[in-house]
Amino acid sequence: MRYDRLSRDWQKEDATFAPKRKVNNKNSHQHPHIIGSFFSRKLERPVEYESLGERLFYYYLELEQSVIRYYVQPVEIPISKDNGESWLYVPDALVYRHQSPPFLYQVKHEPDPNEDEKLKHM
């Protein structure tokens with residue numbers, strides 16, 4: 001299947017993949033991080049980030065020529081464990097590249113054994 005999106009009208013995706021949560025510092029007492037934004041030339045709007053790693057990843061996407069468009073915190077994925085515990089997982093980015101299917105990314109800062117354990121039960 002060919003994925004050619006060069007001449008695509010992105011209005012539908014812009015609405016569908018708008019950020020699903022606000023950038024915040026609510027967990028900063030546990031894991032200090034910086035938050036901020038920069039203006040994306042590819043998206044023609046500000047892009048918010050919650051860590052230096054995310055900021056560098058988004059800068060990379062801005063520079064990478066194969067990247068046509070990307071969305072920050074684009075979807076909510078419901079996760080349920082066998083014990084009934086559930087939560088919504090929000091990946092960091094959805095990236096569209098030339099002639100390639102879209103791909104979800106999660107930017108990790110350092111290994112988190114608790115997060116790895118949660119993902120095993122997906």
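Keep in mind the model is a prediction, meaning the values are calculated, not measured. Counting from 1, the numbers follow the sequence of the chain as shown.
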Query raised in the report: Has the side chain of K20 got a donor or acceptor atom that lies under 3.5 Å from a matching backbone atom of P91?
Result: no

Requested in this report: Taking all non-hydrogen atoms of both residues into account, name the closest pair between P46 and F39 and its distance.
Outcome: N-CD1, 4.0 Å

Report task. Could you tell me whether the side chain of D92 and the main chain of V107 form a donor-acceptor pair under 3.5 Å? Result -> yes

Report task. Determine whether L56 and F103 fall in the same hydrophobic cluster, where Ile, Leu, Val, Met, Phe, Trp and Tyr are linked whenever their side-chain heavy atoms lie under 4.5 Å apart. Result -> yes

**Report entry** With E48 via salt bridge (Lys or Arg N to Asp or Glu O under 4.0 Å) - residues at least two apart
**Finding:** none

Query raised in the report: Do Y58 and Y60 make the cut of ring centroids closer than 6.0 angstrom?
Result: no

Report task. Taking the side chain as every heavy atom from C-beta outward, state whether Q73 and E50 have any pair of such atoms under 4.5 Å apart. Result -> yes

Requested in this report: Show your reasoning for whether side chain to side chain contact (heavy atoms under 4.5 Å, CB included) applies to Y70 and L43.
Outcome: CA-CA 8 Å; Y70 63 96; L43 305 179; 3.9 Å; yes

Report task. Measure from the side-chain N and O atoms of K42 to the backbone N and O of L61, and report whether any donor-acceptor pair falls under 3.5 Å. Result -> yes

Query - Atom pair CD1 (I34) and OG (S51), whose distance is rounded to the nearest 0.5 Å - result: 7.5 Å

Query - Hydrophobic cluster identity match, Y49 and V90, side-chain contacts under 4.5 Å - result: no

Query raised in the report: Got a sec, which residues hit side chain to side chain donor-acceptor pair (under 3.5 Å) with S66, two or more places apart in sequence or on another chain?
Result: E64, R97

Requested in this report: Can you measure from CZ (F57) to CD (Q106) and round to the nearest 0.5 angstrom?
Outcome: 10.0 Å

Query raised in the report: side chain to side chain donor-acceptor pair (under 3.5 Å) with R69: which residues, sequence neighbours excluded?
Result: D14, Y71

Report task. State whether the side chain of E62 and the backbone N or O of R41 hold a donor-acceptor pair below 3.5 Å, judged by distance alone. Result -> yes

Report task. Give the intermediate values and the outcome of side chain to side chain contact (heavy atoms under 4.5 Å, CB included) for residues L104 and V75. Result -> CA-CA 9 Å; L104 287 170; V75 294; 4.2 Å; yes

Requested in this report: Please report the C-alpha distance between S80 and W87 in whole Å, then the side-chain angles of each, then the deciding distance to 0.1 Å, and finally whether the side chain to side chain contact (heavy atoms under 4.5 Å, CB included) criterion is met.
Outcome: CA-CA 7 Å; S80 298; W87 68 94; over 6 Å; no

Report task. Begin from the C-alpha positions of V47 and F38 and carry the test side chain to side chain contact (heavy atoms under 4.5 Å, CB included) through to its verdict. Result -> CA-CA 6 Å; V47 169; F38 67 92; 4.1 Å; yes

**Report entry** I77 side, atom CD1; Y89 side, atom OH - distance, nearest 0.5 Å
**Finding:** 6.5 Å

